[in-house]
Amino acid sequence: MVMFLFLVVALAVVVAAVTLAVVGGGENAPLPEAVPERLRDPLPPDRPVDRADVEGLRFPLAARGYRMADVDDALSRLGAELAERDARIADLESALAGARSAADQGPVHPAATGENHVSMDKPRREDRP
């Protein structure tokens, strides 16, 4: 019986302490609302993302892990930049392949293709009137 009474009193003390902590502390006011933590180091908007930006990226913790909006924004930005770089690499590889095939075929003379060729070289001294 004494043990039961002790447990009831201990439970009442715990409930009272939790209620005071949540509802009103020593200032007779409820606890202030916690400001949600936001992403402090977003990816730079004015230049391409580099390795140091990705390594330095830290997401703030939320109740169940990370804030989904911050992670989604960062992943969208990284995905867009990777797609842009992949397209640029494909363009450069295509241009390189075209240049290699043109070099393999040898120089093309304008007379053979029927096109008029205009030289952009400076005229030599003996060509001047």
Side-chain angles (χ1 to χ4, degrees):
M1 180 71 170
V2 173
M3 186 61 133
F4 177 73
L5 228 62
F6 176 74
L7 288 176
V8 169
V9 170
L11 181 65
V13 169
V14 169
V15 168
V18 170
T19 303
L20 281 175
V22 172
V23 174
E27 301 170 4
N28 292 332
L31 293 175
E33 288 293 321
V35 177
E37 211 177 333
R38 297 298 303 168
L39 186 60
R40 285 172 281 175
D41 297 322
L43 298 173
D46 57 342
R47 63 177 172 79
V49 176
D50 61 8
R51 182 182 180 123
D53 295 327
V54 175
E55 288 175 351
L57 188 62
R58 298 291 178 259
F59 296 105
L61 293 176
R64 293 184 180 168
Y66 296 105
R67 296 180 55 85
M68 286 190 343
D70 291 339
V71 176
D72 289 345
D73 290 344
L75 289 177
S76 294
R77 170 76 188 274
L78 290 173
E81 289 211 12
L82 287 174
E84 182 180 322
R85 288 179 187 175
D86 288 345
R88 178 74 175 141
I89 289 170
D91 289 345
L92 292 173
E93 286 176 344
S94 173
L96 180 62
R100 282 184 180 163
S101 68
D104 290 344
Q105 292 176 0
V108 177
H109 297 293
T113 60
E115 296 178 13
N116 292 334
H117 178 70
V118 176
S119 174
M120 297 303 288
D121 296 333
K122 289 183 179 179
R124 293 178 290 185
R125 288 188 182 182
E126 57 263 356
D127 292 341
R128 291 185 192 161

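If you're wondering where the values come from, they're calculated on a predicted model, not measured in any experiment. For reference, positions follow the sequence shown, starting with 1.
Cluster partners of V15, using a side-chain heavy-atom cutoff of under 4.5 Å among ILVMFWY residues and allowing indirect links, are L11. Cluster partners of V8, using a side-chain heavy-atom cutoff of under 4.5 Å among ILVMFWY residues and allowing indirect links, are F4.
Cluster annotation: V54 and L57 are assigned to the same hydrophobic cluster (Ile/Leu/Val/Met/Phe/Trp/Tyr, side-chain heavy-atom contacts under 4.5 Å, transitive).
Residues that satisfy the side chain to side chain donor-acceptor pair (under 3.5 Å) test with R51, not counting sequence neighbours, are E55. By the side-chain contact (heavy atoms from CB on, under 4.5 Å) test, V2 is found to be paired with no residue, residues two or more places apart in sequence or in another chain being considered.
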Identify all side-chain donor-acceptor contacts of residues 78-95 below 3.5 Å with residues at least two apart in sequence or on another chain.
| unit_1 | atom_1 | unit_2 | atom_2 | d |
| --- | --- | --- | --- | --- |
| E81 | OE1 | V49 | N | 2.8 |
| E81 | OE2 | V49 | N | 3.4 |
| E81 | OE2 | R77 | NE | 2.9 |
| E81 | OE2 | R77 | NH2 | 2.7 |
| R85 | NH2 | V49 | O | 2.6 |

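The two residues P48 and D53 come nearest to each other via the heavy atoms O-OD2, 4.1 Å.
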